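Nothing here was measured: the structure is a model prediction, and the numbers come from that model.
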Amino acid sequence: MARPDDEEGTAMASGHPPANGYLPVPGDAPAGKVSAETQNGPTAGCLALNGVSRDSTKATASGTPDGPKTPLAPEEETQARLLPKDPGEETPGGEGTLVPRIALSPRRFVVLLIFSAYSLVNAFQWIQYSIISNVFEGFYNVSSLHIDWLSMVYMLAYVPLIFPATWLLDTRGLRLTALLGSGLNCLGAWIKCGSVKQHLFWVTMLGQCLCSVAQVFILGLPSHIASVWFGPKEVSTACATAVLGNQLGTAVGFLLPPVLVPNTQNNTQLLARNISTMFYGTSAVATLLFILTVIAFKEKPQYPPSQAQAVLQDSPPGEYSYVKSIRNLFKNIPFVLLLISYGIMTGAFYSVSTLLNQMILTHYEGEEVNAGRIGLTLVVAGMVGSILCGLWLDYTKTYKHTTLTVYILSFVGMVIFTFTLNLGHIIIVFVTGGLLGFFMTGYLPLGFEFAVEITYPESEGTSSGLLNAAAQIFGILFTLAQGKLTSAYGPRTGNVFLCVWIFGGIILTALIKSDLKRHNINKGITNGDIKAVPVDSPTDQESKTVLMSKQSESAI
């Protein structure tokens with residue numbers, strides 16, 4: 001457990017002894033019993049410690065040898081348990097029970113906001129070329145395939161780089177991974193600023209390649225940030241919010257480039273100036289976010305936000321092997337089923353988004369503008385779906401039922417979209433497209449959080465990274481296959497192809513065994529030994545490991 005630092009310290013009352021950093025457990029309290037009520041529980045004024053209410057603790061603590069002489073400060077209302085700072089310390093009562101300290105850090109919102117913001121900028125840079133592809137084709141005097149590669153490089157870079165990226169997250173920590181993601185995103189944006197000349201297409205490709213590498217250090221972090229920084233009652237919403245940043249960046253990428261860079265190919269100087277304005281504006285925002293990442297992004301909060309994180313941080317750290325962790329994940333049958341079903345759903349969404357313009361123009365000739373608006377509708381509806389699904393998970397913790405329900409509704413939405421596309425009323429396409437985006441994109445945080453639950457205590461970054469890799473692979477395969485079917489037989493045949501695969505994904509999801517390991521730890525239910533996964537950055541010289549006693553294990 002890392003020692004308190006000046007930034008993260010939680011205020012104590014003036015009479016509270018700061019040296020020990022824990023509350024004594026009353027000797028008459030039943031050993032091994034810790035209230036399952038978390039920091040967000042309804043009884044804010046009565047904090048339970050080992051079965052004794054907070055008021056009772058204050059009454060009995062004065063009779064203990066080292067107990068506090070004054071009541072706790074009001075700021076401690078958010079802290080459900082306290083843990084000694086140094087290994088081997090024991091509380092004065094309760095058979096030497098160690099009571100872990102859990103608290104929510106206000107910094108968690110800053111970390112989430114900064115991550116979501118630079119994830120937004122990265123997604124914006126992905127889509128900023130393709131939405132005005134004809135403009136860049138004319139400016140750089142290249143084919144449409146060259147412009148398509150500026151987007152496809154994001155997808156292609158992810159698959160081979162995800163393994164070193166997740167290894168880095170597991171072995172070097174969250175802060176370094178975040179700095180690499182934000183820093184490479186910033187560097188790529190600045191390189192693009194030097195490409196605003198018609199013969200420098202290779203420079204803009206170089207900048208885009210760096211942004212695609214940055215994406216590898218971004219897409220796998222939402223569930224990791226949510227688990228490390230947020231409490232059990234907000235973790236799914238936090239994950240959905242982190243995913244939302246990337247989706248919002250895509251939405252902004254649909255809207256902003258056509259406004260900043262109108263089609264003025266008859267005036268090359270004006271066009272170059274407009275492109276330069278977009279590139280420099282993006283670079284300025286990316287630079288600001290990188291500076292904020294350096295200043296505000298920390299490895300983890302001073303105290304764990306949940307029992308699940310406390311168990312990981314306080315368990316005796318064994319010899320960690322990234323290869324063994326990957327092997328464990330692929331031996332986990334429920335995770336393998338989720339990996340395939342997640343890849344099918346997300347890959348199908350990637351394919352639909354990529355070929356949406358082609359599908360719509362087949363039935364609605366000359367509706368390029370509305371095709372872009374329908375794409376925006378998919379993204380915006382998906383953003384709403386992500387947040388609502390995250391809130392629902394935090395409220396119900398029904399991971400499998402929610403995931404299966406959203407999967408089925410996505411299938412229904414895909415069927416409706418497929419068989420109403422050619423009705424001749426484009427308003428119907430707006431409605432069905434929005435419905436499809438709502439459920440398909442809403443599924444993204446569900447898959448991340450469900451994976452964390454069934455693979456705990458394996459690294460969240462590794463499981464999320466594998467899910468994203470599966471999504472990229474299925475996305476490439478589905479886009480190629482559906483594109484050929486659409487060209488040869490029409491959009492309906494291509495969409496039916498996706499419907500068949502999504503139906504198969506429903507069957508795989510139904511077969512997943514819902515073993516909510518992280519949730520059980522947070523609720524006080526243990527099943528077997530939990531081995532620690534590295535959570536500290538090696539540069540964190542302040543960090544320590546706390547060895548938990550048998551009593552504390554039973555308490556948790």
Side-chain angles (χ1 to χ4, degrees), residues 1-12 18 21 38-40 44 72-83 85 100-121 169 172-183 217-218 220-246 288-310 312-314 390 394 452 459-461 522 534-544 546:
M1 177 75 65
R3 288 199 298 263
D5 57 56
D6 294 335
E7 299 171 295
E8 293 286 333
T10 307
M12 296 284 192
T38 62
Q39 56 266 46
N40 296 324
L72 297 176
E75 291 84 356
E76 298 255 27
E77 291 291 354
T78 60
Q79 301 173 6
R81 296 161 186 90
L82 299 178
L83 177 70
K85 293 188 298 181
R101 178 172 188 163
I102 291 175
L104 293 179
S105 168
R107 185 186 288 265
R108 69 192 188 279
F109 297 112
V110 177
V111 170
L112 182 63
L113 178 61
I114 293 174
F115 170 79
S116 298
Y118 74 72
S119 177
L120 182 154
V121 175
L169 175 63
R172 303 297 296 178
L174 174 62
R175 175 174 166 80
L176 178 61
T177 306
L179 289 174
L180 281 172
S182 182
F217 298 101
I218 293 173
L221 289 189
S223 59
H224 187 84
I225 291 174
S227 295
V228 171
W229 283 90
F230 287 82
K233 294 186 178 181
E234 56 190 13
V235 62
S236 298
T237 305
C239 181
T241 304
V243 172
L244 178 70
N246 202 266
L288 174 62
L289 292 172
F290 176 64
I291 293 172
L292 291 176
T293 304
V294 173
I295 295 173
F297 228 96
K298 291 180 66 69
E299 184 65 37
K300 61 179 181 177
Q302 177 188 351
Y303 300 109
S306 65
Q307 283 282 22
Q309 281 298 305
L312 287 181
Q313 296 180 21
D314 299 338
D394 279 333
V452 173
S459 168
E460 303 90 349
N522 287 329
V535 293
D536 291 271
S537 169
T539 59
D540 184 4
Q541 300 299 327
E542 297 275 328
S543 63
K544 290 185 178 181
V546 177

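Between Phe297 and Ile225, the closest side-chain pair of non-hydrogen atoms falls below 4.5 Å. Within the 4.5 Å cutoff, the side chain of Leu221 has heavy atoms near those of the Leu169 side chain. Contact of the His224 side chain with the Leu174 side chain is registered, since non-hydrogen atoms from C-beta on lie closer than 4.5 Å. Between Val294 and Phe290, the closest side-chain pair of non-hydrogen atoms falls below 4.5 Å. The closest side-chain heavy-atom distance from Pro301 to Val228 is below 4.5 Å. Residues Ser105 and Trp229 have side chains in contact (heavy-atom distance under 4.5 Å, counting atoms from C-beta outward).
A distance of 11.5 Å separates CD1 in Ile291 from CD1 in Ile114, rounded to the nearest 0.5 Å. Atom CZ of residue Arg172 and atom CD of residue Glu299 lie 10.0 Å apart, to the nearest 0.5 angstrom. To the nearest 0.5 Å, atom CD1 of residue Ile218 and atom OG of residue Ser116 are 11.0 Å apart.
Annotation for Cys239 and Ala226: closest pair N-CB, 3.7 Å, computed over non-hydrogen atoms. In terms of heavy atoms, Ala242 sits closest to Leu112 at CB-CD1, 3.8 Å. When every heavy atom of Arg175 is checked against every heavy atom of Lys298, the shortest pair comes out as CB-C, 4.4 Å.
Considering only residues two or more places apart in sequence or on other chains, Thr237 meets the side chain to side chain donor-acceptor pair (under 3.5 Å) condition with Asp394. Residues meeting the side-chain contact (heavy atoms from CB on, under 4.5 Å) test with Leu120, sequence neighbours left out: Leu248. Applying the ring pair (Phe, Tyr, Trp, His ring centres under 6.0 Å) criterion to Phe115, with sequence neighbours excluded, gives Tyr118.
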